[in-house]
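First comes the structure, then the notes that go with it.
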Amino acid sequence: MNAVVTFNEMEGMAAHIVRSKLFGAKDESQAISLMLLAQAEGMHPMAAIQDFDIVQGRPARKTHSILARFQSAGGSVIWEEVNGLRACGVFSHKQGGSLRVQWTFEQAKRVGLTGKDNWKNYPQAMLRARCIAEGIRAVFPGAIGGMLSVEEAQDIVIAPPKDMGMITPTDNNNLRTHWLSAVSKAQTLDALESVWKLGLVELKQAADTDLHAAFKAAVLERKATLKSLIITVNEEGKIEEAAL
């Protein structure tokens, strides 16, 4: 493993990386995140620039890095065909066996990938990259490390924020009626305590301070009433009010 690079040293390198505009990192935080990821895998932080890229705000592993890691771990690939219409290869590793993987332009078109510029301009490279990611993930996923390849990340469609319309205040009249009625129907202090706890949960979501105050006042009033109704029998057998 390379000598550990301090965080302060990474900050200096990150500043130069962002200013160069050569490696996809839009700010120093993204650059440092990639460097930390690389160092955690036993590489020098600057190796992150070679092996990773930032795509739509998230780190992704470059395809050549995936293939290199796969081969250095004993994996192999035999290409049967690679062109702009079809890419097909057999991926093998002693731990995961062999798998024949094929990607065609028609297949990519059916799932809505080919409308993007990278597919229009570089169909052969995109088909090959898709084969590499799928084949290696199947027979030796350690070479990818749970990440997406750059090409896979580029093909993810991020939906625009959905307009949920105007937020309308919740009608709390039903809540008021329900919980005030529940308070008045409580016949014991234990029952009243249960109403209090359950009501607090629901009324907190309503975020209505006036309703909360009315509920609390009703509970306190009912509590006083229930306590005044508690009776006991003294030693002489006479009924008397319980001490509060």
Side-chain angles (χ1 to χ4, degrees), residues 13-14 16-35 37-38 41 43-93 96 98-160:
M13 291 187 288
H16 289 288
I17 289 171
V18 173
R19 283 199 296 268
S20 72
K21 299 181 180 180
L22 296 177
F23 304 108
K26 296 182 179 180
D27 56 51
E28 294 181 21
S29 295
Q30 290 184 349
I32 290 176
S33 296
L34 291 184
M35 290 179 176
L37 181 60
E41 294 188 356
M43 301 182 292
H44 188 279
M46 283 304 296
I49 304 306
Q50 298 176 332
D51 289 359
F52 303 96
D53 203 350
I54 298 291
V55 181
Q56 302 193 85
R58 296 184 179 183
R61 196 181 292 276
K62 295 180 179 179
T63 300
H64 73 264
S65 170
I66 296 171
L67 184 57
R69 286 161 60 89
F70 177 65
Q71 292 174 329
S72 65
S76 66
V77 55
I78 299 175
W79 292 105
E80 296 180 359
E81 183 179 357
V82 180
N83 54 50
L85 297 177
R86 177 175 176 267
C88 182
V90 178
F91 296 80
S92 303
H93 193 278
S98 297
L99 180 68
R100 181 176 180 271
V101 178
Q102 172 180 276
W103 267 78
T104 67
F105 192 82
E106 285 300 316
Q107 175 186 352
K109 186 177 181 179
R110 284 197 301 271
V111 294
L113 300 179
T114 55
K116 293 188 174 183
D117 289 342
N118 50 0
W119 280 93
K120 292 177 181 179
N121 298 328
Y122 311 105
Q124 178 175 318
M126 295 300 294
L127 291 172
R128 180 176 179 273
R130 281 292 182 149
C131 274
I132 290 173
E134 183 176 329
I136 293 177
R137 185 175 285 114
V139 301
F140 190 65
I144 297 183
M147 302 180 71
L148 295 176
S149 71
V150 167
E151 290 76 14
E152 289 174 319
Q154 289 172 340
D155 286 337
I156 293 177
V157 177
I158 299 180

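Just so you know, these numbers come straight off a predicted model, no measurement behind them. Excluded from the calculations below are hydrogen atoms, water molecules and symmetry mates; all remaining heavy atoms, backbone and side chain alike, are included.
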How long is the span from the [atom1] atom in [X] to the [atom2] atom in [Y], to the nearest 0.5 Å?
X: D53; Y: Q30; atom1: CG; atom2: CD; result: 10.0 Å
X: W103; Y: I132; atom1: CH2; atom2: CD1; result: 13.0 Å
X: R137; Y: F91; atom1: CZ; atom2: CZ; result: 11.5 Å
X: T63; Y: R128; atom1: OG1; atom2: CZ; result: 8.0 Å
X: Q107; Y: Q102; atom1: CD; atom2: CD; result: 7.0 Å
X: T104; Y: L127; atom1: OG1; atom2: CG; result: 7.5 Å

Identify the heavy atoms of [X] and [Y] that sit nearest to each other, and give their distance.
X: C88; Y: C131; value: N-SG, 4.3 Å
X: P123; Y: G84; value: CB-O, 3.7 Å
X: T114; Y: K120; value: O-CG, 3.6 Å
X: V18; Y: A31; value: CG2-CB, 4.5 Å

Measuring only between side-chain heavy atoms, which start at C-beta, is [X] closer than 4.5 Å to [Y]?
X: M13; Y: H16; answer: no
X: Q71; Y: V77; answer: yes
X: L67; Y: I136; answer: yes
X: K62; Y: D51; answer: no
X: I17; Y: M35; answer: yes
X: W119; Y: K109; answer: no

Please tabulate, for the side chains in residues 139-150, all donor-acceptor contacts under 3.5 angstrom to protein atoms that are two or more places apart in sequence or on a different chain.
from : atom 1 : to   : atom 2 : distance (Å)
S149 : OG     : E152 : N      : 3.2
S149 : OG     : E152 : OE1    : 3.3

Salt bridge flag under 4.0 Å for residues D155 and R130: yes
Side chain to side chain contact (heavy atoms under 4.5 Å, CB included) between K116 and M126, worked out: CA-CA 11 Å; K116 293 188 174 183; M126 295 300 294; over 6 Å; no
Set of residues satisfying salt bridge (charged side-chain N to carboxylate O under 4.0 Å, His left out) with respect to R86, sequence neighbours excluded: E81
